[in-house]
Protein chains: 2
Amino acid sequence: MTEAMAGRRDAGAVSEFVESFAAQLVEAGMQRMPARVFAALLSSDTGALTSAELGEQLQISPAAVSGAVRYLAQQHMVSREREPGSRRERYRVHSDQWYEAITNREAVLKRWQYALRDGVDRLGAETPAGRRIAETLAFFDFIDGEISQMMDRWRAHREKHFGNG
Amino acid sequence: MTEAMAGRRDAGAVSEFVESFAAQLVEAGMQRMPARVFAALLSSDTGALTSAELGEQLQISPAAVSGAVRYLAQQHMVSREREPGSRRERYRVHSDQWYEAITNREAVLKRWQYALRDGVDRLGAETPAGRRIAETLAFFDFIDGEISQMMDRWRAHREKHFGNG
DNA sequence: CGCTTCTTTCAGAAATTTGTGAAGTTAAGG
DNA sequence: CCTTAACTTCACAAATTTCTGAAAGAAGCG
């Protein structure tokens, strides 16, 4: 690392990572702006950026930042901070908060389970279709329990390897 | 259950389940037509329908069926069958095949891991951002291993409760 | 209270996605 | 081979989504 680079960040390298990781998130179904904003926060030095910084770095309007951040906050993937006595907001990824959120398909899972249970009732538990749907439901019930155990194991694993970082 | 209903399926009840479950899949990011086709197959008596039957039941064009089925086959959520000596194709959900597919975010996971690894390299493993991204990567590496173990447990659980159905 | 700074909301232009009809392709069966 | 039944591809119209500039809304600070 040259002296000129020390303590400095290569804006080009950051941007390339931001765009390529965001592209993967988009491919997996996330909207474009939330994906870019999230990737930008993830690759920021402090893990937190202001609206203006995000707009500048990603070349998007304040409106776009606002929409993206609202979405991410709803999904519990970032949190909003406000330095006391300032109008300026800061958006932050907590190292641990966001992958809790990613496995927190809980809301999705719950709705699927509800819809499937309803299907079993409608079609009749003793019909072929009813049985097929009941098995699908059993799968999601199973998954539901497993995921929370998995996250417990991850927390232990993480603490061991990364400390309470 | 009245005599008239015995052995018969209430088309209205089926349709209501199809549309409501499909809506949940759409909300979770799946495209509309694949979601409807999939829900229709899931709630069919035999677990398999022809293109014409799907078009009729869902009121969609052959082109729409074709597109939806191509997508579902790529995702390994349905398989195509052809009765020998017929031009007519049949699309089937195998009870076990498709939830294997649903947890098979493997392709997605792999791409995320690749993008994150690249990010650590670009930003530097010893920078704050690099460390944050490395931890995220560690999470996905962990998840990757856990999911296959979870599916092993599911198969055991399933066999116990449903037999080899 | 009013000025200033930041964020949010909103209407609309632009881009993208979706589903169709119609033409094209494949393969069975005479 | 030719016909015909079935599936696929393609261009386009319609619907939806996305992002912006502009206006409106909040909140610190004098």
Side-chain angles (χ1 to χ4, degrees), chain A residues 15 18-19 22-41 44 46 48-75 77-93, chain B residues 15 18-19 22-41 44 46 48-75 77-93:
Chain A
S15 177
V18 166
E19 296 306 327
Q24 296 305 326
L25 294 175
V26 167
E27 197 143 337
M30 193 186 279
Q31 288 162 0
R32 179 174 201 70
M33 287 293 144
R36 296 181 71 211
V37 166
F38 182 73
L41 288 172
S44 69
T46 59
L49 294 170
T50 64
S51 173
E53 290 166 336
L54 285 165
E56 156 96 12
Q57 184 181 336
L58 301 174
Q59 288 296 304
I60 58 180
S61 71
V65 174
S66 176
V69 156
R70 178 178 23 165
Y71 174 83
L72 291 170
Q74 272 173 358
Q75 303 298 312
M77 291 178 70
V78 310
S79 47
R80 314 164 96 100
E81 299 180 352
R82 198 154 209 160
E83 331 174 31
S86 164
R87 281 139 277 188
R88 184 170 287 162
E89 225 158 19
R90 238 177 168 50
Y91 308 108
R92 174 179 302 279
V93 279
Chain B
S15 176
V18 167
E19 296 306 327
Q24 296 304 326
L25 295 175
V26 167
E27 197 143 337
M30 192 186 280
Q31 288 163 1
R32 180 179 197 68
M33 287 294 143
R36 296 181 72 210
V37 166
F38 183 72
L41 289 172
S44 69
T46 60
L49 295 171
T50 64
S51 174
E53 289 166 337
L54 285 165
E56 156 96 11
Q57 185 181 336
L58 302 174
Q59 288 295 305
I60 59 180
S61 71
V65 175
S66 176
V69 157
R70 177 176 25 162
Y71 174 83
L72 292 170
Q74 271 173 357
Q75 304 298 312
M77 291 177 70
V78 311
S79 46
R80 313 163 97 99
E81 299 179 351
R82 197 156 209 157
E83 331 173 31
S86 164
R87 282 141 277 190
R88 184 170 287 161
E89 225 157 21
R90 230 170 178 48
Y91 308 107
R92 175 177 303 279
V93 280

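Side chains are part of it too, since the values below use all heavy atoms of this structure and drop only hydrogens, waters and symmetry mates. Naming: A, B, ... by sequence-line order, numbering from 1 per chain.
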5' to 3' contact window, DNA chain D with chain B (heavy-atom distance under 4.0 Å):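 Nucleotide range in contact with chain B: D:dT4 to D:dT9.
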Non-hydrogen atoms of [X] and [Y] that approach each other most closely:
X	Y	result
B:Arg82	B:Arg87	NH2-O, 3.1 Å
B:Ser44	B:Ala48	OG-N, 3.4 Å
B:Val65	B:Ser51	CG1-OG, 3.6 Å

Sequence-aligned protein contact record of nucleotides 18-30 of chain C, with B where the base is within under 4.0 Å of a protein heavy atom and S where only the sugar-phosphate is: SSBB------SS-
A:Ser51 vs C:dT7: side-chain N/O to OP1/OP2 distance below 4.0 Å: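 The answer is yes; a side-chain N or O of A:Ser51 sits under 4.0 Å from OP1 or OP2.
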Under-4.0 Å side-chain N/O to phosphate OP1/OP2 contact, A:Arg80 with C:dT8: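 Yes, such a contact exists.
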Pairs involving residues 56-67 of chain B, ordered by first then second residue, that meet side-chain hydrogen bond (donor to acceptor under 3.5 Å, both in side chains) (sequence neighbours left out): none
Member of A:Val93, A:Val69, A:Leu72 meeting the side chain to side chain contact (heavy atoms under 4.5 Å, CB included) criterion with A:Met77: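 With A:Met77 as partner, A:Val93, A:Val69, A:Leu72 yield a single side chain to side chain contact (heavy atoms under 4.5 Å, CB included), made by A:Leu72.
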Terminal axes of the helix from C:dC1-D:dG30 to C:dG30-D:dC1 (five pairs each): angle between them, nearest 10 degrees: 20°
CZ-CZ distance between A:Arg92 and A:Arg80, expressed to the nearest 0.5 angstrom: 14.5 Å
Between CD on residue A:Glu81 and CD on residue A:Glu89, distance to nearest 0.5 Å: 9.5 Å
Listing time: all N or O pairs from protein to nucleotides 12-16 of chain C that are below 3.5 Å?
none

Tell me which donor-acceptor pairs under 3.5 Å the side chains of residues 24-41 of chain B have, and how far apart each pair is, sequence neighbours excluded?
from    : atom 1 : to       : atom 2 : distance (Å)
B:Gln24 : OE1    : A:Arg111 : NE     : 2.9
B:Arg36 : NE     : B:Glu19  : OE1    : 3.3
B:Arg36 : NE     : B:Glu19  : OE2    : 3.2
B:Arg36 : NH2    : B:Glu19  : OE2    : 3.0
B:Arg36 : NH2    : B:Leu58  : O      : 3.1

